[in-house]
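Bear in mind that the values here come from a model prediction, so they are computed numbers and not experimental data.
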Amino acid sequence: QAGDLEEAAQAFRAALKIAPDFAPSLTFLGACYAAGAKDQEAAGAWQMALVRERTSPELQRLAIEAWLRADKPAAALALLNQARQRWPDDDAFARLQAQVALADGRQQEGVDLVATLKQPDQSTLLLALNTLYDASRRKTPVWDAARDLERMRTLRESYAALQGDSLSLVDAWIAEMAREAGVAPR
């Protein structure tokens, strides 16, 4: 409560020395690491807690997200595959699957997954939109310029429906992509 993350982390590590199987200490230790931007350590703590708390989709999600922030998509993918087996209908893991694919450089798969999400969120949509725009800017389209632009427009509509915070930026990206492709903007 005092905001001293290191003191809190030390207290949780001390609790783990006394009771190494006490998963809440690992969970809160992971939270201390995450709050201090030590995402790899947070993911490791949460992954260890998962050994004891296998029925917690929230804990699994926290670990996957931390591995993504730590730029370790392979570690995130291993946990994600586990999560998709345990909780196949959980939309959070469907969104994370798209994010992992994009982080791992599998652009077509990631953008396709985002396009098929039942309940996309702003950040995942913006990640896919940015992927398409960045590919266009580098002149290495995900598919081809026309298909990328069409997918961009479709994802933009989903983003607009959520009242995305960066809609004007997305519209500028689409206008630039349309100019580059020699297509009239809509």
Problem set entry | Crowding at CZ, R86 (>12 non-hydrogen neighbours, <6.0 Å) |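 Yes, the 6.0 Å shell around CZ holds more than 12 heavy atoms from other groups.
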
Let me confirm one number: the [atom1]-[atom2] distance from [X] to [Y], rounded to the nearest 0.5 Å.
{"X": "C32", "Y": "K38", "atom1": "SG", "atom2": "NZ", "result": "10.0 Å"}
{"X": "S123", "Y": "Y159", "atom1": "OG", "atom2": "OH", "result": "9.0 Å"}
{"X": "K17", "Y": "S25", "atom1": "NZ", "atom2": "OG", "result": "13.0 Å"}
{"X": "L149", "Y": "Y133", "atom1": "CG", "atom2": "OH", "result": "13.0 Å"}
{"X": "D134", "Y": "T140", "atom1": "CG", "atom2": "OG1", "result": "7.5 Å"}
{"X": "W46", "Y": "E58", "atom1": "CH2", "atom2": "CD", "result": "12.5 Å"}

Sub-4.5 Å side-chain heavy-atom contact between [X] and [Y]:
{"X": "P57", "Y": "F93", "answer": "yes"}
{"X": "Y33", "Y": "D39", "answer": "no"}
{"X": "N81", "Y": "L77", "answer": "yes"}
{"X": "R54", "Y": "L50", "answer": "no"}

Among the clusters formed by ILVMFWY side chains lying less than 4.5 Å apart, do [X] and [Y] turn up in the same one?
{"X": "L80", "Y": "M48", "answer": "no"}
{"X": "L113", "Y": "L162", "answer": "no"}
{"X": "V100", "Y": "V114", "answer": "no"}
{"X": "L29", "Y": "L59", "answer": "no"}
{"X": "L68", "Y": "V111", "answer": "no"}

Can you give me the closest heavy-atom contact between [X] and [Y], atom names plus distance?
{"X": "I174", "Y": "M152", "value": "CG1-CG, 3.4 Å"}
{"X": "L155", "Y": "A115", "value": "CD2-CA, 3.9 Å"}
{"X": "A135", "Y": "V142", "value": "CB-CG2, 3.8 Å"}
{"X": "A43", "Y": "A66", "value": "CB-CB, 3.7 Å"}
{"X": "A178", "Y": "R153", "value": "CB-NH2, 4.0 Å"}
{"X": "A34", "Y": "A42", "value": "N-CB, 3.6 Å"}

Exercise. Between the side chains of Q99 and T124, does any donor sit under 3.5 Å from an acceptor?
Worked result: yes

Problem set entry | Q47-W67 side chain donor-acceptor pair, cut-off 3.5 Å | yes

For this session: Identify which one of E53, E65, Q82 satisfies the side chain to side chain donor-acceptor pair (under 3.5 Å) criterion when paired with Q60.
Result: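 With Q60 as partner, E53, E65, Q82 yield a single side chain to side chain donor-acceptor pair (under 3.5 Å), made by Q82.
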
State plainly whether the residues [X] and [Y] are in salt-bridge range, i.e. N to O under 4.0 Å.
{"X": "R151", "Y": "D148", "result": "no"}
{"X": "E109", "Y": "R106", "result": "yes"}
{"X": "D91", "Y": "R95", "result": "no"}
{"X": "E180", "Y": "R137", "result": "no"}

For this session: Report yes or no: does T131 contribute a side-chain atom to a donor-acceptor pair with the main-chain N or O of L127 at less than 3.5 Å?
Result: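 At least one qualifying donor-acceptor pair exists.
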
